[in-house]
Structure formats: C-alpha cells, structure tokens
There are 2 protein chains.
Amino acid sequence: MASGTAANQKTRWRTPCQQCPLRSLPDFRDFSAKELEFVSQFKSGELSAERGATILVEGMHSAHLFTVLSGWAFRYKLLPDGRRQIMNYVLPGDLIGLQGSLMGEMDHSVEALTSVTLCLFERSKLGRLFERHASLAYDLTWIAAQEESILDEHLLSVGRRTALERTAYLISFLHQRAHLSGMSGGKRVVPITQQHVADTLGLSLVHTNKTLRKLADRKLMRWQDRGCEILDPDGLLALAGWEGLQRGPRPFI
Amino acid sequence: MASGTAANQKTRWRTPCQQCPLRSLPDFRDFSAKELEFVSQFKSGELSAERGATILVEGMHSAHLFTVLSGWAFRYKLLPDGRRQIMNYVLPGDLIGLQGSLMGEMDHSVEALTSVTLCLFERSKLGRLFERHASLAYDLTWIAAQEESILDEHLLSVGRRTALERTAYLISFLHQRAHLSGMSGGKRVVPITQQHVADTLGLSLVHTNKTLRKLADRKLMRWQDRGCEILDPDGLLALAGWEGLQRGPRPFI
DNA sequence: CGAGCCGTTGAACCAGTTCAAAGACCGTGG
DNA sequence: CCACGGTCTTTGAACTGGTTCAACGGCTCG
C-alpha cells in the first residue's frame, strides 16, 4: 500500500504553454492565441513529484489545480481500515484537483506512479476563466463530464463484470489512454503493479495475479516488469464487452 | 429488468422558473434576477414520464438537457448480455443529459422510478449560457464535479465495501439525498425495489434480500412496500464507514 | 380469478478471498 | 564482491461471501 511521503518539489518554470509538447498530439484540440495567452498567465509554475509521492490528499484544501505534463499518477480513496479503491489514472494532459477547487476540499488522493511533472494553476484565477473565456469554461465542463463517463464505465466493470472481463477492460482502457496521450509505441508498458490492478478492480492481489495469468495464457497480453504489454487489443475489447474510448478532439487546459 | 417503453409526453408549460418550488429549498443557492431570466428562456417546456418509462437511452443523441422537477429516476448502463449496473439516482433539482449534450451521445440510460416531471432545456442554447452567464457555467461545472464525487464514493462501495457495508451506505445515501431534496419527512420511503438495490451495489437479488434482512434485524432500517424506512441513520453511517454527503449551498439550473 | 411483480427462504455451489510460502529482482551498505 | 532486505510476482490449498437454482406466498390490477 502507499508509503510515499509528499516529497513534492517546486521547480523553476520550464515549459511555456505556447510550446507545450502536448499541444501537438492529434487528440487535443487547437487553441486560439487568446486562449493560449490566458492559459499561459493562468499557469503559475511547475511541480515535480517522484514515484510514490502523494500529490494531493483527501480532505486537503488546495490552492491549486494541476495538469499533468509528463508521467503517470492515480486517484484513489481509502476506507477507515485501509482498504483502497483506485478510481482512475491520470496521464499527460489530464487535469487534477478540479473537484477540490470547486467543492472546497479534496474527496480523494492522488499519488504518482512514475516521476511526474505538473503544471500549476491558481485556483483564485478560476473565476476569471469562467468570466472571460467561455470556451475554456466549456472545456472544463467537458473534462468533468468525460471523467464522469469513465467512472460510469469503471463502475459497470466493478459492479457487473467478472474478474476476467474486468481485467481485460482495465488493460484495454489503460492501453487506449496511453496511446491517446502519445505514450505508447504500441508495445509500451503501463507502470503499475498487480496491486494497483487489484485495487482498481475490487479484487484481491492473489486473484488478480491468477486472472492476469489467464489473459496471458490466452495470448491477449503479457505481464512484464511492472506493467503489461498488449498482444491482442481487439480480443481484450471483445472479452470485456467494451466499446472503447470515444475519440475526437479533446480539450485541455 | 427494465421493460418500460419511452412513453414520454410533452406537456404544456406549467411552472415558471420564477416560481420554481425547488428554489425555496434551503440547500439550493439563490439566483440573481438576471440569471433567473436567462434560465427562464433557456427552458423550452416540460415533459412528464410514468414509472418505468425510459427518459434517455444509451447511444442516443439528444437535443435536450433536463432538470428533474418532481419524482425519482435512475441512471444505468447495460452489458451486451443484459447485466445492469445502476450508476446513480436522480432527484428533484438534478440535471440529466449533460454528458450527452457535451459529448455527442449518451453513454448511459435514464429510467423513471416514479412519475416524473422534467424541465426541458435546449442544448443549442448551451453555448450562450457559457458566453453570457459565467456564474451558470460555473454551476454546470460544479454539478459535474459533484456527480464525479458521488461516483467515486459508489465505486469505493462496490469495489471495497462488504455487502452489509455497501447496503448501509446506499440506504444512507438515498436517505440523505431525499432529505436534501425536500422529499422526506424523515420516515419517508424511497421508491425502489430490491432489484434496484442489487443492481446499484453489484450484488445478486437474493443476497441483497438477505443483507437487507440483516440490517432490519439490527434495527437500522425496515423494508416496506417498495422502499425502505430509516430507523437509525447514524448506525448506518457508522456501519458503512461513510462521512455522509457534504452540505452547503448547491447550484441548480 | 389469473397473471405478474415483488419479497422471502432454503440448499447447493463456486468465484474469489485468505493464508502461507517461496522465488525473482532489485538497490544498498558492509 | 556478496549479503541483506525490500518490493513484486507466483503458486498451492483451505475457506467463505456471495451466487444460482428453485419454490412459494402476498399483493395488485385488469
């Protein structure tokens, strides 16, 4: 279970939004010069965190919003006795802390899976975003609705899919997300342990291991190191009974 | 499982937003005259649906958004073979169809639990809302973030709580929601069957029945008719290990 | 009065958990 | 260089929380 301390480091400003490497990804929408200018001054700095570091803590009242610039993280909640449920994964281009910014305090925590760099935005400027940049306000709502849609699918998995189906779903999901964030050359690895898979799917570690083995025996994927390689994307989708993520231009801040 | 057909009926305009009965509830935020005027012309009519009727269908491309004026409904998804997962319940003041409006097509369905009346909004006017009414745009984002927060908690339940804890959680959750929507005089009943409980919690009908019996034996609640009566709200919260819904002024459209 | 829906209960079963142990692969310090 | 401890994965075996199957009783509504 999580043991990392919040060893975050504020770092010097590095990446100007105008040259943000994420903008060139095909899946992100284009920004107007005006939008770009606003986002640029909305951004107040960058932050980096090591693998295992806790970026946001449940109950915390944060003055910031973040967008992931590079690396992987995950959102989770704990029960009083320590049982953990991972809600979703956070990849480059994803926004975190919106829920906390709008509702006062975070209702979940976020931990880094790899070393991560984040763009930092001032919560206090969020009002101005809504007042002066309708298109960005729309994007924020879109992002929140998108997250809702993903959570719906996760809930369907955990509630109604069998262990094998769930696992196939999760592997597909992560593979697609990685692909759309430009992280995978197809074979690429997702940096998670089997414990993460278990905590995402509501399964025990042991049964997760045995289920992954079954998927490997069927030549659908292969577990290696700390992650997995996809062998048969379509087979996984079919097994999960899942349509896949919807594509199309995606906003980000 | 769901059998109702979409027997929706457009009805004559009835409730002017200025006299909306929901506005007087303590939990909803106040509107300025300007906001009220916009919402008033954003609303294009009302619609009513009978118990069992399907209000929105997964895959559908809807030209409307809805707010529930009265009655109960629920959001759900189906797997190809018919397994059903209920994602959340929809009560007076709740918005539905936002996800579909923003992302093109609905990724879930909505069915009425009681007879329901809905306010109808034109999706085409959503752009104007963002451009001219920042405060309402903010509210929409808030609403989406709130839904996300609720889904997180559901996912935690289904993934990591035991059947008894889950059931206690759901009962508490519905009780609180009903209370905040002004629907309950404390003893009031939630209009759902045990099949709905099962499909919300990812349990079988039989085991749901046995679990509800345990809660009743412990004098925490009582099942009656088509719903339940809460006997010991705090006992349920404690059993679930849940903090309860956060209060405070809540926006609605 | 019959058909459906809803709730209830018992009994057999099994998907997934828990317990236990061991092997692979690090990085670290002696 | 090797020994050591920590993290991660793997596997077998016993167990159990929850499922499935089956049947029945009560209620409502046409």
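Values below: all heavy atoms of this structure, side chains included; hydrogens, waters and symmetry mates excluded. Since we're looking at a predicted model, the values are computed, not measured. First the proteins, then the strands, lettered A, B, ... as listed; each starts at 1.
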With a 3.5 Å cut-off and no angle check, do the side chains of A:Asp199 and A:Gln85 form a donor-acceptor pair? no

Taking salt bridge (charged side-chain N to carboxylate O under 4.0 Å, His left out) as the test, write out the residues that go with A:Arg226, two or more places apart. none

Check salt bridge (charged side-chain N to carboxylate O under 4.0 Å, His left out) between A:Arg161 and all other residues, then give those that pass, not counting sequence neighbours. A:Glu153

Please check if the distance between the ring centroids of A:Tyr76 and A:His108 is under 6.0 Å. no

Between B:His196 and B:Tyr89 (judged by ring centroids, cut-off 6.0 Å), do the two rings come close enough to count as a pair? no

Over how many whole Å does the gap from [X] atom [atom1] to [N] atom [atom2] extend?
{"X": "A:Leu212", "N": "D:dC8", "atom1": "CG", "atom2": "C1'", "value": "13 Å"}
{"X": "A:Asp225", "N": "C:dG27", "atom1": "CG", "atom2": "P", "value": "11 Å"}
{"X": "B:Asp199", "N": "D:dT19", "atom1": "CG", "atom2": "C1'", "value": "14 Å"}
{"X": "A:Arg51", "N": "C:dC26", "atom1": "CZ", "atom2": "C1'", "value": "11 Å"}
{"X": "A:Trp223", "N": "D:dT7", "atom1": "CH2", "atom2": "P", "value": "18 Å"}
{"X": "A:Arg226", "N": "C:dA24", "atom1": "CZ", "atom2": "C1'", "value": "13 Å"}

So, is [X] near the phosphate of [N], with a side-chain N or O under 4.0 Å from OP1 or OP2?
{"X": "A:Gln195", "N": "D:dT9", "result": "no"}
{"X": "B:Asn209", "N": "C:dT8", "result": "yes"}
{"X": "B:Gln224", "N": "C:dG7", "result": "no"}

Would you tabulate the nitrogen or oxygen pairs shorter than 3.5 Å linking the protein to nucleotides 25-28 of chain D?
none

Pairs in or reaching into residues 171-182 of chain B: which pass salt bridge (charged side-chain N to carboxylate O under 4.0 Å, His left out), with residues at least two apart or in two chains? B:Asp94-B:Arg177

Ignoring hydrogens and geometry, is there a side-chain-to-backbone donor-acceptor pair from B:Thr114 to B:Arg51 under 3.5 Å? no

Report the nucleotide, chosen from D:dT10, C:dC6, D:dC8, that has the shortest atom-to-atom distance to any side-chain atom of A:Arg213. D:dT10

Greater than 12 external heavy atoms within 6.0 Å of A:Arg250's CZ: yes

Taking atom CD as the centre, does B:Glu243 end up with more than 12 heavy-atom neighbours from other residues, nucleotides or ligands that are less than 6.0 angstrom away? no

Heavy-atom closest pair (B:Thr193 atom, B:Trp223 atom, distance to 0.1 Å) is C-CZ2, 3.8 Å

In degrees, rounded to 10°, what is the bend between the two ends of the helix from C:dC1-D:dG30 to C:dG30-D:dC1, using five pairs at each? 30°

Going 5' to 3' through nucleotides 10-18 of chain C, assign each nucleotide B (protein heavy atom under 4.0 Å from a base atom), S (under 4.0 Å only from sugar-phosphate atoms) or - (no protein heavy atom that close). BB----BBB

Given B:Leu56, B:Val57, B:Leu78, the one that forms side-chain contact (heavy atoms from CB on, under 4.5 Å) with B:Ser109: B:Val57

